[in-house]
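For reference, the structure is listed below as structure tokens.
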Amino acid sequence: MLTWLADLLRGEGFMPHGHCYLWRADIVALHVVSDSLIAFAYLVIPLALIRFVRGRRDLPFHWIFLCFGLFIVSCGFTHVMEIVTLWRPAYWVSGAVKAITAVASISTAAVLTRLIPHALALPSPAALREVNAALSASEARFRAAAEGSLDAFFLLRAVRDERGAVVDFAFVEANARGAALFGVPREDLIGASVSATSSFARVGARIARYAEVVARQTPYEAEEQLAPESEAPRWFHFQVVPLADGVAVSTRDVTALRMQRALELQVAIVRNMPEGVCLSRAADGVIVYVNPAFDRLFGYPTGTLEGKSLAALGATERRDRASVERLRAEGAVTIELSCARADGSTFWSQVTTSIIEDPAQGTVVVAVHRDVTEARRAAQERARLAAIVESSENAILSVTLDGLIESWNGGAARLFGYVPAEVLGRPLLTLTPPERADEAPGLLARIARGESVDRFETVRMRKGGERVEVSLSTSPIHAPDGRIVGISVIAEEITARKDAERRLQSSLAEKVVLLQEVHHRVKNNLQVISSLLSLQGSHLDDPRAREVVRDSQHRVRSIALLHESLYQASDFAHLNVGEYLRRLAASLVRTYGVGGQPRLVVETEPVVVDLEAAVPLGLIVNELTTNALKYAFPGGRAGTLRIHLGATAGGFRLTVADDGVGLPPDFDPHTAASLGLHIVRTLAEQLDARLVVLPGPGATFIVEVGAPDPATDPPSP
């Protein structure tokens, strides 16, 4: 590589350029001096351009000067090579330098061509002078506006440490109000630091806030309270705008404005208060202000009370000095008064009075009225209820949803033996025997769902462990918003009643056994009579006599069957006669039926009758069924015997019907001489019933007890 460079510099095969000048000293000297001066100038000019660009960093397109500098330096080296080639034929090196110069020239020319429109757009010196004049005028106007502004205005420059962090700010500009805010002459303020000049507390926090504005380049606006040394705190409105390396601060003292806003807010609050507010002079009792709620409370038109004496409200016209001094000493006094409205009606008012000192009115008494009529009535009602609860013989207590006892009346103390201090706050399980501990969770869960439990009979435990039978009535306690917040429990001791019930049940059980025994003995005696009649009939030769005895036997058996049913029943006062009639009819069919005929159909509804009606009813069925079996189906004729017992609106209806040969055309149940029908009529009269016979086919007898059914009336002749 070095050999190649040496060959280029020697220019082997070429002759020096001086031969072209015939080595004439004068012409060689002329070229050497000229090229040397040109090369020197071309080297000095870039240095001057570099110094100029570094000194004027604000120039637009400063990089074009660097391009010119490179171009000029290249041209200077071409002249140096002209001097070198006079003695050394280094034409390759000289050509390379010229090539570099050509590239630099073409590049500079291209960049300059593109730059010309932008350069032409730059203002001329005259335009710059006009702009400077306008700026000067604008600055003058700005200064005049800043000086005349109600705000304090500052321009602050950031002061940085060696690491570039903002540690303080220095005053660059300030208007008169700004200088007055800091309490120093403006000429002393300019250039001073904020930390050294400010007398406000927490100045470090404010410097940090300004530094944040500079760092983020975002404006800041707020109202903040500052406390100058030896002065009351004041409120200022700040506007902080970021600059290139500082901030512009505009601030105004808004303490008076905030006080005005607070006063307006207080006035609005007083005007819209639900309580009535009255301000009156202490000296003469003249009303100086009332709010709308006070007018409404006392029933006066709006604006009619101001300027009048308190005597218009029935109050004393003047307050004595002692009462005013008491208010001044105590600050506020609250009492309840009975007040009169404009229409003469009265109400109870809770009045809170205090005094204030007003520059225009002097000592002013402030009275705040609140209508407590309903509250007093509710309190009296609560007191009456509390007295009733306390004097109740029953135990009345309230329990939380967690099962803790909250209240305890005198009845509870008497029933369970605990005084309130012993049970309040303790679990309700304190009163529950261990064997009944599983009752409480279920009751509490039902109450929590909003259910009520009425007269739940259980056992609870007195102090000392004694068991006591109680009847519990529990219900939820609701808050005003409807939420269930507790449980009300009323406990009544039922030990005596339960003992009486047990004695009554025992006595009743004895009487039931006795009655069952009576019915059983009556049934047995009737069966003995029935057997005697059967034995007597078997010794009679007269068929008619045997028939009469057998009918009597069946009548006795029907009564015995009734007593058998009563013996088996649990309720002797009311008997469901359906099963009794079914057994009675079946017994008669077995006695009088021939070859399984007729077919028996018994239909009964749940009709309940007492013993006084059951005996006649059974005998009626006995007589009507016996007649049907004896006379409706002669010669073993097939047919159906139907017995129906149904309930009606006022009693019951018995129907005995057959589809046999029917009744004679002139049959009248009320005049028939048959013993059986005579018995039926007599028994119907005992039941206060109506006997109805419907026309055929067959025979239908209806016995109605209670309101008659028009459908059973016989047709008109």
Original post:
Run the side chain to side chain donor-acceptor pair (under 3.5 Å) check on Thr400 and Asp402 step by step: do they pass?
Top reply: CA-CA 5 Å; Thr400 67; Asp402 297 330; 4.8 Å; no

Take atom [atom1] of [X] as the centre, draw a 6.0 Å sphere, and report whether it contains more than 12 heavy atoms from other residues, nucleotides or ligands.
{"X": "Arg462", "atom1": "CZ", "result": "yes"}
{"X": "Arg455", "atom1": "CZ", "result": "no"}
{"X": "Arg370", "atom1": "CZ", "result": "no"}
{"X": "Asp688", "atom1": "CG", "result": "no"}

Student check: side-chain heavy atoms of [X] and [Y] closer than 4.5 Å:
{"X": "Val399", "Y": "Leu397", "result": "yes"}
{"X": "Tyr418", "Y": "Thr430", "result": "yes"}
{"X": "Val470", "Y": "Val459", "result": "no"}
{"X": "Val693", "Y": "Leu663", "result": "yes"}
{"X": "Ile620", "Y": "Leu691", "result": "no"}
{"X": "Ser338", "Y": "Thr346", "result": "yes"}
{"X": "Met461", "Y": "Thr432", "result": "no"}
{"X": "Ile643", "Y": "Val601", "result": "no"}

Original post:
Just by distance, with hydrogens left out, do Ser345 and Asp343 show a side-chain donor and acceptor under 3.5 Å apart?
Top reply: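 Their side chains do contain a donor-acceptor pair, which is all the 3.5 Å distance test asks for.
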
Subject >> Test item: side-chain donor near acceptor, Thr458 and Arg436, under 3.5 Å >> reply: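 Thr458 vs Arg436: donor-acceptor pair found between side chains.
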
Main chain of [Y], side chain of [X]: is a donor-acceptor contact present, judged purely on distance under 3.5 Å?
{"X": "Thr373", "Y": "Trp348", "answer": "yes"}
{"X": "Glu685", "Y": "Thr682", "answer": "no"}
{"X": "Ser407", "Y": "Ser398", "answer": "yes"}
{"X": "Arg653", "Y": "Thr648", "answer": "no"}
{"X": "Asp658", "Y": "Ala632", "answer": "no"}

Tell me the closest heavy-atom pair linking [X] and [Y], and the distance in Å.
{"X": "Val277", "Y": "Asn291", "value": "N-OD1, 2.9 Å"}
{"X": "Ala293", "Y": "Pro274", "value": "CB-O, 3.6 Å"}
{"X": "Ala689", "Y": "Val705", "value": "CB-CG2, 3.6 Å"}
{"X": "Cys339", "Y": "Ser349", "value": "SG-CB, 3.9 Å"}
{"X": "Asp454", "Y": "Ser473", "value": "OD1-OG, 3.2 Å"}
{"X": "Ile490", "Y": "Ile396", "value": "CG1-CG1, 4.2 Å"}

Original post:
Going by the angle between their ring planes, with limits at 30° and 60°, are His369 and Phe294 parallel, tilted or perpendicular?
Top reply: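 The rings of His369 and Phe294 stand perpendicular, inter-plane angle above 60°.
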
**OP:** Show the numbers, then the answer: is there a salt bridge (charged side-chain N to carboxylate O under 4.0 Å, His left out) between Arg460 and Glu439?
**Re:** CA-CA 11 Å; Arg460 288 297 178 258; Glu439 291 179 353; 3.2 Å; yes

Is [X] salt-bridged to [Y], cutoff N-O under 4.0 Å?
{"X": "Glu435", "Y": "Arg467", "result": "yes"}
{"X": "Arg426", "Y": "Glu406", "result": "no"}
{"X": "Glu381", "Y": "Arg376", "result": "no"}
{"X": "Arg483", "Y": "Asp481", "result": "yes"}
{"X": "Arg296", "Y": "Asp371", "result": "no"}

**OP:** For salt bridge (charged side-chain N to carboxylate O under 4.0 Å, His left out), just list the numbers for Arg599 and Asp659, CA-CA rounded to whole Å, side-chain angles, deciding distance to a tenth of an Å, and then say yes or no.
**Re:** CA-CA 11 Å; Arg599 187 171 66 91; Asp659 56 358; over 6 Å; no

Subject >> Pair Glu493-Glu469, side-chain contact (heavy atoms from CB on, under 4.5 Å): steps then yes or no >> reply: CA-CA 6 Å; Glu493 184 179 3; Glu469 293 183 285; over 6 Å; no

Subject >> Nearest-0.5 Å distance that lies between atom CG in Leu443 and atom CG in Leu472 >> reply: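 Going from the CG atom of Leu443 to the CG atom of Leu472 covers 7.5 Å.
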
Original post:
What is the distance from atom CZ of Arg446 to atom OG of Ser475, rounded to the nearest 0.5 Å?
Top reply: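 Going from CZ on Arg446 over to OG on Ser475, the span is 12.5 Å.
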
**OP:** In sequence, state the C-alpha distance, the side-chain angles, and the governing distance for Asn627 and Val680, and then conclude on side-chain contact (heavy atoms from CB on, under 4.5 Å).
**Re:** CA-CA 11 Å; Asn627 287 343; Val680 170; 5.8 Å; no

Original post:
So Leu424 and Trp408, side-chain contact (heavy atoms from CB on, under 4.5 Å) or not? Walk me through it.
Top reply: CA-CA 7 Å; Leu424 293 182; Trp408 188 263; 4.0 Å; yes

**OP:** Show your working on side-chain contact (heavy atoms from CB on, under 4.5 Å) between Val703 and Arg690 and close with a plain yes or no.
**Re:** CA-CA 6 Å; Val703 178; Arg690 186 174 69 143; over 6 Å; no

Subject >> Intermediate values then yes/no, side chain to side chain donor-acceptor pair (under 3.5 Å), Thr352 and Thr334 >> reply: CA-CA 4 Å; Thr352 300; Thr334 300; 3.0 Å; yes

